[in-house]
Amino acid sequence: MSKSTVKLVSAEGYEFVIDYKAACVSNTIRNMLSSQGSFTETQLGEVKFPEISTPILEKVCQYFYYKLRYQNSTTKNIPEFKVAPEIALELLMAANFLDT
């Protein structure tokens, strides 16, 4: 795995390969990947989330790219980041853990 990408693994084992910059939207992931020492996450560029389901991790990854795209935008027409009500609570818990 190159240093420009990161692999995020859901509870079910589904792998999301995203840009390093997108993954670092999460302070938790950024800290895991930049820790001193020989941690698996730092060496492999892979982070496993045994508590986050695949649909939730997918939505989290979408949000990372959304945030990168619009965080410094000067336009007033930033589209809403849509979240289905049935996943809102689980997504909120994941976002809290990931510090996003």
Side-chain angles (χ1 to χ4, degrees):
M1 176 106 4
S2 83
K3 284 285 189 189
S4 63
T5 60
V6 176
K7 185 189 299 182
L8 306 180
V9 184
S10 71
E12 298 84 6
Y14 195 90
E15 299 175 350
F16 296 89
V17 178
I18 64 173
D19 295 322
Y20 178 85
K21 192 172 181 179
C24 287
V25 165
S26 162
N27 291 321
T28 302
I29 294 174
R30 179 177 39 241
N31 290 338
M32 289 174 154
L33 295 173
S34 62
S35 297
Q36 297 296 322
S38 56
F39 294 104
T40 305
E41 293 86 1
T42 306
Q43 291 179 341
L44 300 178
E46 177 178 313
V47 183
K48 295 180 181 175
F49 296 103
E51 301 296 322
I52 301 177
S53 67
T54 299
I56 298 302
L57 191 55
E58 179 179 20
K59 197 68 172 175
V60 165
C61 291
Q62 290 171 3
Y63 176 75
F64 290 164
Y65 283 102
Y66 172 88
K67 173 111 186 221
L68 275 181
R69 181 171 181 183
Y70 295 109
Q71 71 182 351
N72 295 320
S73 179
T74 56
T75 182
K76 294 181 186 214
N77 296 340
I78 296 174
E80 178 183 354
F81 185 77
K82 296 189 189 285
V83 174
E86 56 271 10
I87 67 165
L89 181 59
E90 196 176 351
L91 187 60
L92 182 62
M93 292 188 311
N96 184 51
F97 171 74
L98 294 170
D99 193 14
T100 55

Show the nearest heavy-atom pair for residues [X] and [Y], with the distance to one decimal.
X	Y	answer
S53	S10	C-CB, 4.0 Å
L33	V47	CD2-CG2, 4.0 Å
F64	S26	CZ-CB, 3.7 Å
P50	A11	O-CB, 3.2 Å

When you compare the side chain of [Y] with that of [X], does any pair of heavy atoms fall below 4.5 Å?
X	Y	answer
I87	K59	yes
F81	Q62	yes
Y63	V83	no

Are [X] and [Y] grouped together when hydrophobic residues (ILVMFWY) are joined by side-chain heavy atoms under 4.5 angstrom apart?
X	Y	result
V60	Y65	yes
L92	L98	no
I18	Y66	yes
L68	L8	yes
V9	I52	no

- Task: List the steps and the verdict of side-chain contact (heavy atoms from CB on, under 4.5 Å) for F49 and I29.
- Result: CA-CA 11 Å; F49 296 103; I29 294 174; 3.8 Å; yes
- Atom OH of Y14: over 12 foreign heavy atoms under 6.0 Å: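 No, OH of Y14 has 12 or fewer neighbouring heavy atoms, counting only those of other groups under 6.0 Å.
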- Got more than 12 heavy atoms from elsewhere within 6.0 Å of CD, E51?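 No, the 6.0 Å shell around CD holds no more than 12 heavy atoms from other groups.
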- Query: Distance from T54 atom OG1 to F16 atom CZ, nearest 0.5 Å?
  - Reply: 5.5 Å
- Item | Any residue meeting salt bridge (Lys or Arg N to Asp or Glu O under 4.0 Å) with K48, in chain and number order, not counting sequence neighbours |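 Residues passing salt bridge (Lys or Arg N to Asp or Glu O under 4.0 Å) with K48: E46.
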